[in-house]
Amino acid sequence: MPESHRVRSLVYAASGVLLLLLQASVGSQTAPTSNARRTSAWKAVECGTFKVTPPADSNVECGYVTVPLRHSNPDGPTIQLATVILPSTAADKKDDPLFMAQGGPGGSSIDTYANYLLEKPSARPASNRDFVIWDQRGTLYSKPALMCPEVSNQDLKDAIAGTDDAKSELAAYGACGERLQRDSVDLSAFNSAENAHDIEDLRVALGYDTINFYGVSYGTELGQFLMREHPEHLRTVVLDAVVPLTYNLFTEPAFAQQRIGEKYLNGCAADPRCNAAFPNLARRFLALVDRLNANPVSVQVTPVGQGNQSYQIKLTGSLLEGALYQSLYSDVHDFIPLIVDRADRGDYSYVSALLLPLMLFDDKMAEGMHETVACAERGDTNPDAVDFSRILPRLAKDTRDDAKLEVENCRQWKIELLPRELLEPVASTIPTLLLSGDFDPITPPHYAETLLATLPNAKHVIFPNGSHGQAITNDCSNGIIQRFLDDPNAALDTSCIQTVVPKFATEDDLITLPVLRQALAAHGIGGLIGVGVQAVPGLLGVMFLATSLAVYPLAGIISRFRRPRFAEPYRRSARIAPWLAVLTAVVLGVFFIGLATAVVSSINENQHMVGLGAVPARWRWLFTLPPVAAVLVVLMVLVTSALWGGRRRSFLGRVYFTVLTIAGLGAVANLIKLGVTGLWRG
């Protein structure tokens, strides 16, 4: 159950050049040093070791905490946990920090949270506490990391070939397990119980008396283990996208997948506006999956951060289905009917530009740790004994086949099962906040409800438009978490969630930029940089036109203090030339500044809009400006001809206005090339 804000981070990174060209800006944040008492288990390192880039004047701490491989053998082999501490900058800073645990199992907490929360401190769900972010045992920056490039390489080969060979995948997992075992990795030590003991050792090593715990997805399961094993130093617990300990990762996702599919497809059918825009969406989607499975289409996929290297992927129905399902982990749900509709009409640009790169080239997920945790808990699963009668036959078959493969891999890795009593529901009086999103594709709200029977001090908050993980995504969820941490026993004000209304987007809600859509289809997210480069000639033209705003007023002032050499007044064309140039500069300047604002605000509002090559329809007025600018430039051409034909204005004045006209022509030609001159009609 990978949970990540990486979609947002990738869009920000890949659009960096474009935003710089459009003069966007970012800020920084400083922080005081933490007063926690470190033990010898802590070893500080440069934050660059974890690819964390704090501001130069900040007091962010990075390091490794050494813990036992097996906590039952404290004098035995050890492992190292990569840890980042983000100090609070608040005047009312509290001594008890917030420990943040990512999901997966196998996801990197540092990669997910550290840089994002440094770049955007306002996104922190608690402003008055230190944040302790660590990579759980076996994940990306901790040592050892149970990475399985053999598996991701096989997945890529299958995508290129358009196949899905279970034997090849099992062999890839087998090769990864053999390599890890050759490196003397005790695979059975990487389970949720040992993981929970690590948190207590982290607390001691960093010198905190009490802590607050936040976990998302698998992190909620880890939080429940922590509540059972080490409750004495836990002040509060926040479980976001809740996984019950009774959950079976091998078989139960299919039921959540069936639920979320019905929620989108039936929800669109029940919405008059969505149904009118995308009629018969459920039938069309199932037919599309079958059609692509029978005849895959070739799409170009460019991994983020790998230059111009790209791959021709055969998009099957199963791959499309998997990519769409993975997208539901982020805030894409408003656009799912639109994405399905576009795909049904042969437009796979969003899928190839954003979804497949994230799905096929994610080198941050520790697949090995995912396997060891899942196998320790559910390696004894019998997929044939599970009743799949309530879900689609194709989904049931795929789930049963995948579960058998997982169980077989557990056997070949020889993972020890956890004692079954550790998977029983946890009983605890620790104040606990449960957060759920009604659009969560993997951990629906009723999972959290099952915990309330044994957690008497728990509060459950459901976000009607929420997806997988509520923290960091919006001010409402962060405010609820902040208020809970400040006073966990107080009545919780959740009125802000009533302002969130689910809505399916249609083409009428967007203005699609053809050049952006084409660039995304051809070059993925990296294509945004190419669009920025294409806009440079237009920007230069506008910049030169903008000189008229200073030159003509200055020339007018100077002319008032000079004796005229001849008394003939300017003809009409000569008089309107300065005003025409200034008006053209203003119109084009407003357009480019507005376009920059539209792109930046779209990324802030929902980064998936950029993946669709679009901005919100409220910017439609902006695209009336290019046609106006084109008319003004035509008038500038006519005035230029009149100035030279009648020898009106000075020679330098005629030359200057001519160059302004050429700059205007270049800017308008650039807008035509970018395909924005006719969007006001759409």
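Bear in mind the structure is a predicted one, so any value in this text is a computation, not a measurement.
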* Chi angles and distances behind the side-chain hydrogen bond (donor to acceptor under 3.5 Å, both in side chains) call for Thr512, Arg342 -> CA-CA 12 Å; Thr512 301; Arg342 285 189 177 184; 3.0 Å; yes

* **side-chain hydrogen bond (donor to acceptor under 3.5 Å, both in side chains) between Ser192 and Tyr218, intermediate numbers included** => CA-CA 9 Å; Ser192 297; Tyr218 165 71; 2.8 Å; yes

* salt bridge (Lys or Arg N to Asp or Glu O under 4.0 Å) between Arg259 and Asp438: does it pass, once the steps are laid out? -> CA-CA 11 Å; Arg259 170 192 176 272; Asp438 199 35; 3.0 Å; yes

* To do: Please lay out, stage by stage, how Leu513 and Val531 fare under the test side chain to side chain contact (heavy atoms under 4.5 Å, CB included).
  => CA-CA 11 Å; Leu513 307 179; Val531 174; over 6 Å; no

* What do the steps show when you test Val332 against Ile339 for side chain to side chain contact (heavy atoms under 4.5 Å, CB included), and what is the final call? -> CA-CA 10 Å; Val332 71; Ile339 295 167; 3.9 Å; yes

* Stepwise, does the salt bridge (Lys or Arg N to Asp or Glu O under 4.0 Å) test hold for Glu416 with Arg70? -> CA-CA 13 Å; Glu416 301 168 6; Arg70 296 268 191 173; 3.7 Å; yes

* Just do the side chain to side chain contact (heavy atoms under 4.5 Å, CB included) check on Phe285 and Asp344 with the steps written out, would you? => CA-CA 7 Å; Phe285 175 66; Asp344 187 47; over 6 Å; no

* Asked: Under the side-chain hydrogen bond (donor to acceptor under 3.5 Å, both in side chains) criterion, do Gln258 and Glu262 qualify, and how do the steps go?
  -> CA-CA 6 Å; Gln258 174 86 12; Glu262 292 174 351; 2.9 Å; yes

* Asked: Could you go step by step and tell me if Glu321 and Arg394 meet the salt bridge (Lys or Arg N to Asp or Glu O under 4.0 Å) rule?
  -> CA-CA 12 Å; Glu321 203 170 23; Arg394 176 170 50 81; 2.7 Å; yes

* Please assess Ile260 against Tyr325 for the test side chain to side chain contact (heavy atoms under 4.5 Å, CB included), listing each intermediate value before the final yes or no. => CA-CA 9 Å; Ile260 203 66; Tyr325 182 66; 4.1 Å; yes

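Although no hydrogens or angles enter the test, the distance criterion places no donor-acceptor pair under 3.5 Å between the side chain of Arg284 and the main chain of Val340. Proximity of a side-chain donor or acceptor of Arg420 to a complementary backbone N or O of Glu377 within less than 3.5 Å is detected. Asp183 places no side-chain N or O within donor-acceptor distance of the main-chain N or O of Val185, the cut-off being under 3.5 Å. For the pair Thr302 (side chain) and Ser310 (backbone), a donor-acceptor distance under 3.5 Å is absent. Using modelled atom types, no side-chain atom of Ser108 and backbone atom of Lys364 make a donor-acceptor pair closer than 3.5 Å. In this structure, Ser142 contributes its side chain and Asp135 its backbone to a donor-acceptor pair below 3.5 Å. In this structure, Asp155 contributes its side chain and Leu360 its backbone to no donor-acceptor pair below 3.5 Å. Between the side chain of Asp440 and the backbone N or O of Val242, no donor-acceptor pair lies under 3.5 Å. Side chain of Ser352 to main chain of Val301: no donor-acceptor pair is present (N/O by atom type, distance under 3.5 Å, no hydrogens or angles). A distance-only check finds no donor-acceptor pair linking the side chain of Asn191 to the backbone of Ala376 [under 3.5 Å].
Between Asn248 and Thr381, the closest side-chain pair of non-hydrogen atoms falls below 4.5 Å. Annotation: side chain of Leu292 is in contact with side chain of Tyr348 (closest heavy-atom distance under 4.5 Å). Between Trp413 and Cys176 the shortest side-chain heavy-atom distance falls below 4.5 Å. Using a 4.5 Å heavy-atom threshold, the side chains of Gln300 and Gln312 count as touching. Taking 4.5 Å as the limit, every side-chain heavy atom of Tyr264 sits out of range of all side-chain heavy atoms of Leu281. Side-chain contact between Leu338 and Leu510 is present, with at least one heavy-atom pair separated by less than 4.5 Å. Looking at heavy atoms from C-beta onward, Asp198 lies out of side-chain contact with Gln136 at the 4.5 angstrom threshold. Leu417 is listed as a side-chain neighbour of Asp380, based on a closest heavy-atom distance under 4.5 Å.
Taken to the nearest 0.5 Å, the CG atom of Leu180 stands 7.5 Å off from the CD atom of Glu150. Distance CD1/Ile336 to SG/Cys268: 11.5 Å, rounded to 0.5 Å. To the nearest 0.5 Å, atoms CG (Leu418) and CD (Glu194) are separated by 9.0 Å. Remark: Leu435 CG to Asp240 CG distance equals 4.5 Å, nearest 0.5 Å. The structure places OG of Ser327 at 11.5 Å from CZ of Phe335, a figure rounded to the nearest 0.5 Å. Met100 CE to Ser109 OG: the interatomic distance, rounded to the nearest 0.5 Å, is 8.0 Å.
Under the side-chain contact (heavy atoms from CB on, under 4.5 Å) criterion, Pro77 pairs with Leu69, Asn73, not counting sequence neighbours. Listed by chain and residue number, Asn275 satisfy the side-chain contact (heavy atoms from CB on, under 4.5 Å) test with Ala269 (two or more places apart in sequence, or in another chain). Applying the side-chain contact (heavy atoms from CB on, under 4.5 Å) criterion to Lys143, with sequence neighbours excluded, gives Tyr64, Gln80. Every residue meeting the ring-ring contact (aromatic ring centres under 6.0 Å, His included) condition with His71, not counting sequence neighbours, appears here in chain and number order: His197. Evaluation of the side-chain contact (heavy atoms from CB on, under 4.5 Å) rule for Ser467 yields His333, Pro441 as partners, not counting sequence neighbours.
Electrostatic pairing of Lys157 and Asp165 does not count as a salt bridge here, judged by no charged N lying under 4.0 Å from a carboxylate O.
In this structure, Phe388 and Phe255 have parallel ring planes: the angle between them is below the 30° cut-off, well short of the 60° mark.
Within 6.0 Å of atom CZ in Arg345, more than 12 heavy atoms from other residues, nucleotides or ligands are found, so the atom counts as buried in its surroundings. Heavy atoms from other residues, nucleotides or ligands lying under 6.0 Å from CD of Glu421 number more than 12.
Outside the 6.0 Å centre-distance limit, the rings of Phe504 and Phe278 are not counted as a close aromatic pair.
Gln412 and Glu408 share no donor-acceptor pair across their side chains, judged by distance under 3.5 Å alone.
Contact detail for Val351 and Ala323: the closest heavy-atom pair is CG1-CB, 4.4 Å. Residues Val84 and Val52 share a closest heavy-atom pair of CG2-CG2, 4.2 Å. Summarising the geometry of Tyr311 relative to Pro303, their closest heavy-atom pair is CE1-CG, 3.7 Å, with the distance given to 0.1 Å. For Ala448 against Leu434, the heavy-atom pair with the smallest separation is O-CD1, 3.6 Å.
For residues 137-196, every residue pair satisfying the ring pair (Phe, Tyr, Trp, His ring centres under 6.0 Å) rule, not counting sequence neighbours, is listed here: Phe50-Tyr141.
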